[in-house]
Chemist: 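Before I ask anything, here is the structure I am working with.
Letters A, B, ... are given to chains in the order of the sequence lines, protein chains preceding strands, and every chain is numbered from 1. All values reported here derive from a predicted model rather than from experimental measurement.
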Number of protein chains: 2
Amino acid sequence: MSTPDDPGAVYRRYLSAVMLHGHAGAKAVGLGATDLYALNILGLGGAMTPGELGRRTGLTTGPTTRLIDRLEQAGYVRRAPDPDDRRKVIVELVAGPGGLDEALAPARRKIGAIVQGYSPEQQAVLFDYFARAADAYVEATAELNDKRAD
Amino acid sequence: MSTPDDPGAVYRRYLSAVMLHGHAGAKAVGLGATDLYALNILGLGGAMTPGELGRRTGLTTGPTTRLIDRLEQAGYVRRAPDPDDRRKVIVELVAGPGGLDEALAPARRKIGAIVQGYSPEQQAVLFDYFARAADAYVEATAELNDKRAD
DNA sequence: CCTAATCTCTTCCTCAGAGAAGAGAAATCT
DNA sequence: AGATTTCTCTTCTCTGAGGAAGAGATTAGG
């Protein structure tokens, strides 16, 4: 096992495959791109108000309401009242048997099997990388959004 | 360094961050979801005819033509004649200074720095994983599309 | 208190993107 | 050579997502 001649190409291929799979999964269960985007935001940022979700998706309030309507009707999300401020609503992911999770399950199994093929030390490296890389992407995404906000 | 208590959570967070970043990058340069989808297909599958691209994106011929028009006008792609069959056109990625690559560059730099922080042996593990995982995702995506084709 | 600010949701309008059907060009088959 | 098939592209239509503006409800401030 050695580092490849063109590490960038390997990584780009990997990234394309990840995104392609996500899109294909969303498409397979009839989820739009923005819907998937919002689900990722909620998965990463936790429950939040529609206003916050709208800000992060870059949508105005009207489309945000309908986005939440769609997700709620499809069973991915639910609206809970904010106990402190009765104007507000809290949108939270619902764990249920969402179609998307099911669609992505085969890939998760494959990835799990690949990871299991490594030694414990090697697995530790992978998970360390996952954690660090996630932070880096979150940061880079925030910078992209900041630039857009100007 | 050790494997985390909930590896699945770490990995899900990582996946969400990756997809979120891709979406945000596309949005930042005014690229639609299908356009990004198509670029990933082309990046992964290499140059192909409009018909093949349409099949893989799940679009009919009309929208496919206009999809290619958009990508071509934006400078991500170009149409080349097929030397063997003059009815056909070959759509290929264009390396140029596309806006998307530029938008995603900061993240690539961050990831590069993270990878550089590992020992050569550890880096080899990571790239081995990237290569295997990419194959797994490609396979899983193909299965998703097959299921849709029924 | 009463006004102003905040938050969500509704309504109307616009437009990008997808489907359907068919035209035109070129290859393949008999 | 003529007919059929295979491609791509064009046109028309329509669904669906997003923006703008405002209503209704609730909280915060003078």
Side-chain angles (χ1 to χ4, degrees), chain A residues 23-24 26-42 45 47-74 76-92 145 148-150, chain B residues 23-24 26-42 45 47-74 76-92 99-100 145 148-150:
Chain A
H23 272 132
K27 199 157 195 169
V29 299
L31 225 50
T34 305
D35 302 21
L36 176 62
Y37 191 53
L39 286 180
N40 278 322
I41 288 174
L42 286 168
M48 64 186 71
T49 66
E52 179 63 22
L53 184 59
R55 221 164 298 124
R56 299 211 200 178
T57 51
L59 295 177
T60 55
T61 68
T64 300
T65 296
R66 285 181 314 234
L67 163 70
I68 298 169
D69 289 346
R70 287 196 302 272
L71 293 178
E72 192 174 33
Q73 179 160 7
Y76 291 105
V77 127
R78 74 190 185 92
R79 277 183 243 242
D82 184 322
D84 296 333
D85 186 337
R86 292 195 311 194
R87 292 168 305 178
K88 291 187 182 177
V89 167
I90 294 179
V91 182
E92 51 189 12
N145 289 338
R148 195 184 56 196
D150 296 343
Chain B
H23 272 131
K27 200 159 196 168
V29 299
L31 225 49
T34 306
D35 302 23
L36 177 61
Y37 192 53
L39 285 180
N40 278 323
I41 289 175
L42 286 170
M48 63 187 70
T49 66
E52 179 63 23
L53 183 59
R55 222 164 297 126
R56 299 211 200 177
T57 51
L59 295 177
T60 55
T61 69
T64 300
T65 296
R66 284 180 316 236
L67 162 70
I68 298 170
D69 288 347
R70 287 196 302 273
L71 293 179
E72 192 173 34
Q73 180 162 7
Y76 291 107
V77 127
R78 73 190 186 94
R79 276 184 243 242
D82 184 322
D84 296 333
D85 187 336
R86 292 195 312 193
R87 291 169 307 178
K88 291 188 183 175
V89 166
I90 295 180
V91 182
E92 51 190 12
L100 182 59
N145 289 338
R148 194 185 58 197
D150 296 344

Chemist: Show the nearest heavy-atom pair for residues B:Pro50 and B:Val89, with the distance to one decimal.
Modeler: CD-O, 3.1 Å
Chemist: Would you give a per-nucleotide map of nucleotides 25-30 of chain D, 5' to 3', where B means the base has a protein non-hydrogen atom under 4.0 Å away, S means only the sugar-phosphate does, and - means neither?
Modeler: BBS---
Chemist: Report, one line per pair, each donor and acceptor closer than 3.5 Å where one atom sits in a side chain of residues 62-70 of chain B; sequence neighbours left out.
Modeler:
unit_1	atom_1	unit_2	atom_2	d
B:Thr64	OG1	B:Thr60	O	2.7
B:Thr65	OG1	B:Thr61	O	3.2
B:Asp69	OD1	B:Arg79	NH2	2.0
B:Arg70	NE	B:Asp35	OD1	3.4
B:Arg70	NE	B:Asp35	OD2	3.2
B:Arg70	NH2	B:Asp35	OD1	3.0

Chemist: Tell me every residue that passes salt bridge (charged side-chain N to carboxylate O under 4.0 Å, His left out) with B:Glu52, counting only those two or more places apart in sequence or in another chain.
Modeler: B:Arg55, B:Arg56
Chemist: Over how many whole Å does the gap from B:Arg55 atom CZ to D:dT8 atom C1' extend?
Modeler: 12 Å
Chemist: Report the C-alpha separation of A:Val91 and A:Leu71 in whole Å, then their side-chain angles, then the decisive distance to 0.1 Å, and conclude whether the side chain to side chain contact (heavy atoms under 4.5 Å, CB included) test is met.
Modeler: CA-CA 10 Å; A:Val91 182; A:Leu71 293 178; over 6 Å; no
Chemist: Using the side chain to side chain contact (heavy atoms under 4.5 Å, CB included) rule, take B:Glu92 and B:Leu42 through it: C-alpha gap first, then chi angles, then the decisive distance, then the call.
Modeler: CA-CA 7 Å; B:Glu92 51 190 12; B:Leu42 286 170; over 6 Å; no
Chemist: Could you tell me from which nucleotide to which nucleotide of DNA chain C, 5' to 3', there is an atom under 4.0 Å from chain A heavy atoms?
Modeler: C:dT6 to C:dC12
Chemist: Give B:Gly62 one of three labels, base, sugar-phosphate or nothing, depending on what nucleic acid heavy atoms sit under 4.0 Å from its own.
Modeler: base
Chemist: Tell me every residue that passes salt bridge (charged side-chain N to carboxylate O under 4.0 Å, His left out) with B:Asp85, counting only those two or more places apart in sequence or in another chain.
Modeler: B:Arg87
Chemist: Suppose we screen for salt bridge (charged side-chain N to carboxylate O under 4.0 Å, His left out). Which residues come up paired with A:Arg86, at least two apart in sequence or across chains?
Modeler: none
Chemist: Which atom pair, heavy atoms only, marks the closest approach of B:Tyr76 to B:Val29?
Modeler: OH-CG2, 3.9 Å
Chemist: Does the pair A:Glu72/A:Arg78 count as a salt bridge with the N-to-O cut at 4.0 Å?
Modeler: no
Chemist: In Å and rounded to the nearest 0.5 Å, what is the CD1 to NE2 distance from A:Ile41 to B:His23?
Modeler: 10.0 Å
Chemist: At what distance, to the nearest 0.5 angstrom, does OG1 of B:Thr57 lie from CG of B:Leu53?
Modeler: 5.0 Å
Chemist: If you measure from OH on B:Tyr37 to CG on B:Leu59, what distance do you get to the nearest 0.5 Å?
Modeler: 9.0 Å
Chemist: Return the NZ to CG distance between A:Lys27 and A:Leu36, rounded to the nearest 0.5 Å.
Modeler: 12.5 Å
Chemist: Over all strands shown, is A:Thr49 touching base, sugar-phosphate only, or nothing at heavy-atom distances under 4.0 angstrom?
Modeler: sugar-phosphate
Chemist: Can you pull every protein N or O that's under 3.5 Å from an N or O on nucleotides 16-18 of chain D?
Modeler:
unit_1	atom_1	unit_2	atom_2	d
D:dG18	OP1	A:Thr34	OG1	2.8
D:dG18	N7	A:Arg66	NH2	2.6

Chemist: For the helix from C:dC1-D:dG30 to C:dT30-D:dA1, what angle lies between the axis at the first five pairs and the axis at the last five pairs, to 10 degrees?
Modeler: 20°
